[in-house]
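Each remark here refers to the structure printed beneath this line.
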4 protein chains.
Amino acid sequence: MSVNKVILLGRLGQDPELKYTPGGAAVCNFSLATTEAWTDKSGQKQEKTEWHRVVVWGKLAELCNQYLAKGRQAFLEGRLQTRSWDDKDGNKRYTTEILASTVQFIGGASAGANNNAGVDSSYAQAPAPAQEYQIASDASFAADDIPF
Amino acid sequence: MSVNKVILLGRLGQDPELKYTPGGAAVCNFSLATTEAWTDKSGQKQEKTEWHRVVVWGKLAELCNQYLAKGRQAFLEGRLQTRSWDDKDGNKRYTTEILASTVQFIGGASAGANNNAGVDSSYAQAPAPAQEYQIASDASFAADDIPF
Amino acid sequence: MSVNKVILLGRLGQDPELKYTPGGAAVCNFSLATTEAWTDKSGQKQEKTEWHRVVVWGKLAELCNQYLAKGRQAFLEGRLQTRSWDDKDGNKRYTTEILASTVQFIGGASAGANNNAGVDSSYAQAPAPAQEYQIASDASFAADDIPF
Amino acid sequence: MSVNKVILLGRLGQDPELKYTPGGAAVCNFSLATTEAWTDKSGQKQEKTEWHRVVVWGKLAELCNQYLAKGRQAFLEGRLQTRSWDDKDGNKRYTTEILASTVQFIGGASAGANNNAGVDSSYAQAPAPAQEYQIASDASFAADDIPF
DNA sequence: TTTT
DNA sequence: TTTT
């Protein structure tokens, strides 16, 4: 038995990037900032921003690419995942990402976000009862093609 | 923007009950106990059990009925929902339930649980990447028939 | 082992109510609305609001009374708790509440909220690292010494 | 407004490590494994383990060192935090950790775990109502007076 | 790199 | 590196 759960509400630092694997699976990557603010002992306002790498697969990846953009807010749930890769010097490097399973788009289409102009998108999908934040699994989903 | 999220890990007090609406939608109800234990100031062990009413719809309802039983453990996520109804004296009454969107079955088939004997069910469904805890929406799902 | 966790982000329907028990413990009650919005099959925008009863104890209760008001947003975490009581006809009645352990105040002081005018209150308390959302903090904690 | 929340239930891969900063602040580090299991399309059982670096500060750090050990289970909540550091070749490297704010110890003392033999520790601390998972508690809190 |  |  184990639980691996992440919940984030933050703002995108850049437009999302959508790619497709050779097998045709959609993957969307974006970075999300969460900021905490507090007043320190000396009464000084403090602020600290954390950046999170988010990965989304399948149909939800395409929706994220469509509805999200730099500066937009997103509320998401997912799990932590650490991938390893080799850098240019042959060293093992690790990257921790949030593999998002649900993404909720917050706020209206902002001017300048040319990939979601005028779209109403308070949720990633029509909320079928009890699955409202979820995306039904994509029938054409090429699981064997996904590298994790 | 709002968030309404519940996460529970507990044990069923009774076998789950499965019903179907006139429109054919499956609904599964069960109660789940969560217990907290602590040692009080006088060094005495204390324990308090909370009971939660859980509701599940669609295909996941049928899986819960199949894999869960009295005494079994479940880890679930969902949202809070308060229904009103009229009691026998015509008074408005309220019941708060957890509308579960994902249910993870914990532990093997226990003796006496005749509806899941020998079944391997660590998850409610095959974990398609990034949707691993989710149930794809039931194509024959009669949303109009669901009373909420 | 069990988990009983609630996470809510919503808006207060009324000003919070602060009381004290005979023993002097502070209790704050308020109701919080979470609203979900979606577009139904016919393209119609739908919206559903859920009301949650929230209870807070101790110092955090006083902070909630000070910083929250009707219409203000709050992000909170807590656990579910169902209390029973007897109604006027001697019937057993049950009320489910969220016993909040952390409350984060969102947004600046709104006009008309005369109990928090001009107050900066993005968090319920000074966020000592790693305990930032929590109430009490260890007096001997050497915050300046912690490298983050 | 932002949310940065992690919830993990897993098992320690090694004994925790406790250190103190020059200023005297306690820091505890350990790695936690979460494992997901599922049955793939061909009916084959699959399993994937994720390792998480956890950091705990202050009094809770000392409790973790006291009650946790290799192989023990822990349920924790915290937030994501990515630290940067320079490797031996002068390259910027990043490590993502979970800064835990609450840790719940699961299961009894196991043989071989010589730092928690016979200790009852279902929670990290005495669960003052509504703050049960939290570290410090208000000394003037009238627990006997609270009606739950 | 976001935003307030 | 854990565990079932």
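Chain A is the first sequence line, chain B the second, and so forth, proteins listed ahead of strands; every chain is numbered from 1. What you are looking at is a predicted structure, and each value in this text was computed from that prediction instead of being measured.
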Identify which nucleotide among E:dT1, F:dT2, E:dT2 has an atom closest to any side-chain atom of D:K70, counting heavy atoms from C-beta outward.
-> F:dT2
Among E:dT1, F:dT2, E:dT3, the one nearest any side-chain atom of D:R11 is F:dT2
Whole-Å distance, D:H52 NE2 to F:dT2 C1', equals 12 Å
Rounded to the nearest Å, what distance is computed from the CH2 atom of residue A:W51 to the C1' atom of nucleotide E:dT1?
-> 4 Å
Nearest-angstrom distance from the residue atom CD of D:Q73 to C1' of F:dT1 | 16 Å
Establish whether the base of F:dT1 is bridged to the side chain of D:S31 by a donor-acceptor pair shorter than 3.5 Å.
-> yes
Between A:L76 (CG) and E:dT2 (C1'), how many Å, whole number?
-> 14 Å
From F:dT3, E:dT2, F:dT1, pick the nucleotide closest to the side chain of D:E47?
-> F:dT3
Residues forming a side-chain contact (heavy atoms from CB on, under 4.5 Å) with A:Q44, sequence neighbours excluded = A:D40, A:S42, A:Q46
Mind checking what makes side-chain contact (heavy atoms from CB on, under 4.5 Å) contact with A:E17, not counting sequence neighbours?
-> A:K19
d(CD, D:E36; C1', F:dT3) in whole Å | 15 Å
Spacing between D:L9 atom CG and F:dT4 atom P, to the nearest angstrom | 14 Å
Establish whether the base of E:dT2 is bridged to the side chain of A:T49 by a donor-acceptor pair shorter than 3.5 Å.
-> yes
Test side-chain hydrogen bond (donor to acceptor under 3.5 Å, both in side chains) applied to A:Q14 - qualifying residues, sequence neighbours left out | none
Any residue meeting side-chain contact (heavy atoms from CB on, under 4.5 Å) with D:R11, in chain and number order, not counting sequence neighbours | D:Q73
Report the residues that fulfil side-chain contact (heavy atoms from CB on, under 4.5 Å) with D:E50, sequence neighbours left out, ordered by chain and then residue number.
-> A:N4, A:Q81, A:T82, D:T34, D:K48, D:H52
What is the distance from OH of D:Y94 to P of E:dT1, rounded to the nearest Å?
-> 11 Å
Nearest of E:dT1, E:dT2, F:dT2 to any side-chain atom of A:A33?
-> E:dT2
When Watson-Crick pairs (N1 to N3 and N6-O4 or O6-N4) and G-U wobble pairs (N1-O2 and O6-N3) count only below 3.5 Å on both distances, what is the dot-bracket string of DNA chain E, with | for other-strand pairs?
-> ....
CD1 of C:I106 versus P of E:dT3: gap in Å, rounded?
-> 19 Å
Begin with the C-alpha distance, continue with both residues' side-chain angles, and end with the deciding distance and a verdict on side chain to side chain donor-acceptor pair (under 3.5 Å) for D:S2 and A:T35.
-> CA-CA 6 Å; D:S2 68; A:T35 303; 5.3 Å; no
How far apart are the C-alpha atoms of C:D15 and C:K70, what are their side-chain angles, what is the distance that settles it, and do they pass the salt bridge (Lys or Arg N to Asp or Glu O under 4.0 Å) test?
-> CA-CA 4 Å; C:D15 285 341; C:K70 178 180 176 177; over 6 Å; no
